Amino acid sequence: MIDQLREKIFGWHLRHQAARQVVMYPWQDIRSVLILHEGLEVEHIAQQLRSAGKEVQICAMPDKKEICWLTGMPKKEVRERLQSRHYDMLMDLTQQTNITMQYLALYTKAGIKTGRDISKKLYDLSIDTPAQPTPDFLFEQIVKYIHMFTQVNRSH
C-alpha cells in the first residue's frame with residue numbers, strides 16, 4: 001500500500017518536473033559525472049573515470065533521517081545539494097529499483113541522465129539489463145552506447 005502511494009507521488013513529480021535540454025556530449029567532452037549507487041562498490045569505476053580526465057562525484061543512498069518516510073523523497077537539504085551543481089552526465093548505477101534513488105536521479109541537474117531501464121522515462125539513455133545488473137555491467141553499457149550515439153551523430 002505505501003509503495004503504491006510512493007509510486008503515485010513520484011509519478012506526479014516526474015510528470016511535473018521542469019523541462020530540460022538534453023545534451024549528448026561525445027565521451028571525450030564529458031568533464032563532470034555524478035554516480036548514483038545504493039551502497040555497492042563503485043570507487044574503481046570512479047577511478048577509471050578520473051584517469052580519463054573526468055571530475056567524479058559519488059552519491060550514495062541518503063541516511064534514513066534525510067528521507068521523508070511517507071514518500072521516500074530525500075528531504076529538502078539533500079535535493080538542494082543536488083540541484084546546486086550541474087553535471088555533464090548522471091550515471092545511475094543502482095541495481096535495484098528504489099524510489100529514493102529515483103528521486104535523486106530526478107533532481108540531479110545533468111546534460112544527460114543514464115541508468116537502468118525502469119520504464120519511467122527518468123533517463124535520457126536507459127539500458128535494458130538483466131534483473132540486477134552489476135555497476136560494472138551498467139557502466140560498460142553506458143560508455144558503449146554514449147560512444148555509439150555520438151559517433152552516429154557526428155557522421156550526420
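Nothing here was measured: the structure is a model prediction, and the numbers come from that model.
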Using the rule given for side-chain contact (heavy atoms from CB on, under 4.5 Å), can you reason through Thr134 versus Leu138, listing the C-alpha separation, both sets of side-chain angles and the distance that settles it, and then say yes or no? CA-CA 6 Å; Thr134 65; Leu138 272 172; over 6 Å; no
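- A side-chain contact (heavy atoms from CB on, under 4.5 Å) with Met61 is found for one member of Leu104, Ile67, Thr94 and no other, namely Ile67.
- The closest donor-acceptor contact from the side chain of Asp124 to the backbone of Lys113 lies under 3.5 Å.
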Take Met89 and Leu34 through the test side-chain contact (heavy atoms from CB on, under 4.5 Å) and record every step on the way to the result. CA-CA 6 Å; Met89 175 184 280; Leu34 176 67; over 6 Å; no
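- For the atom pair CD of Gln141 and OG of Ser126, the computed distance is 13.0 Å after rounding to the nearest 0.5 Å.
- For the pair Arg85 and Tyr87, the cation sits on the ring face: its NZ or CZ lies under 6.0 Å from the ring centre, inside 45° of the axis.
- Ring planes of His13 and Tyr107: perpendicular class, angle over 60° (limits at 30 and 60°).
- Using a 4.5 Å cut-off between side-chain heavy atoms of Ile, Leu, Val, Met, Phe, Trp and Tyr, with links allowed through other members, Trp12 and Tyr103 fall into different hydrophobic clusters.
- Between Leu36 atom CG and Leu90 atom CG the span is 4.5 Å, to the nearest 0.5 Å.
- From Lys144, atom NZ reaches atom NE2 of His147 across 12.0 Å, with rounding to the nearest 0.5 Å.
- For the pair Glu38 (side chain) and Gln96 (backbone), a donor-acceptor distance under 3.5 Å is present.
- Side-chain N or O atoms of Lys121 include none that pairs as donor or acceptor with a backbone N or O of Arg15 at under 3.5 Å.
- Considering Ile30, Ile112, Val23 in turn, Ile30 is the only one that fulfils the side-chain contact (heavy atoms from CB on, under 4.5 Å) rule with Asp88.
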Quick one, Leu122 with Phe10, criterion side-chain contact (heavy atoms from CB on, under 4.5 Å). Give me CA distance, side-chain angles, the key distance, then yes/no. CA-CA 11 Å; Leu122 180 59; Phe10 178 79; 4.2 Å; yes
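- For Thr100 (side chain) and Gly72 (main-chain N/O), a donor-acceptor pair under 3.5 Å exists by modelled atom type.
- No donor-acceptor pair closer than 3.5 Å links the side chain of Arg116 to the backbone N or O of Leu93.
- Atom-to-atom distance recorded for Gln57:CD and Ile35:CD1 is 10.0 Å, nearest 0.5 angstrom.
- By the 4.5 Å heavy-atom criterion applied to side chains, Phe139 and Leu49 are counted as neighbours.
- Both the sub-6.0 Å distance and the 45° axial angle are satisfied by Lys54 relative to the ring of Trp27.
- When the shell of 6.0 Å around CD of Gln4 is examined, it contains 12 or fewer heavy atoms from other residues, nucleotides or ligands.
- A pairwise comparison of heavy atoms in Arg50 and Val56 identifies NH2-O, 3.4 Å as the closest pair.
- Summarising the geometry, atom CG belonging to Leu14 is positioned 10.5 Å from atom CD belonging to Glu7; distances are rounded to the nearest 0.5 Å.
- With hydrogens and angles disregarded, a donor-acceptor distance shorter than 3.5 Å links the side chain of Arg31 to the backbone of Gln28.
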Between Ile58 and Val42, does the side-chain contact (heavy atoms from CB on, under 4.5 Å) criterion hold? Intermediate values first, please. CA-CA 8 Å; Ile58 299 175; Val42 296; 4.0 Å; yes
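- Taking CD1 of Ile45 as the reference point, atom CD of Gln48 lies at 7.5 Å (rounded to 0.5 Å).
- Side-chain contact check for Asp117 versus Ile127: every heavy-atom pair is 4.5 Å or farther apart.
- No donor-acceptor pair closer than 3.5 Å links the side chain of Arg6 to the backbone N or O of Met1.
- The hydrophobic cluster containing Leu106 also contains Leu70, counting ILVMFWY residues as joined when their side-chain heavy atoms lie under 4.5 angstrom apart, directly or transitively.
- The cluster map of Ile, Leu, Val, Met, Phe, Trp and Tyr, joined by side-chain heavy atoms under 4.5 Å apart, puts Leu125 and Val22 in different clusters.
- Summarising the local packing, OH of Tyr25 is surrounded by more than 12 heavy atoms from other residues, nucleotides or ligands at distances under 6.0 Å.
- Linking Ile, Leu, Val, Met, Phe, Trp and Tyr whenever their side-chain heavy atoms come within less than 4.5 Å puts Met91 and Met148 in one cluster.
- At least one donor-acceptor pair under 3.5 Å links the side chain of Thr71 to the backbone N or O of Met73.
- Using a cut-off of 4.0 Å between Lys/Arg side-chain N and Asp/Glu carboxylate O, Glu66 and Lys76 are scored as not salt-bridged.
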Would Lys75 and Asp63 satisfy salt bridge (Lys or Arg N to Asp or Glu O under 4.0 Å), going step by step from the backbone distance to the final call? CA-CA 10 Å; Lys75 291 187 176 175; Asp63 257 9; over 6 Å; no
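- Checking Asp136 against His44 by side-chain atom types alone, a donor-acceptor pair falls below 3.5 Å.
- Listed for the Lys109 side chain is no donor-acceptor partner under 3.5 Å among the backbone atoms of Leu82.
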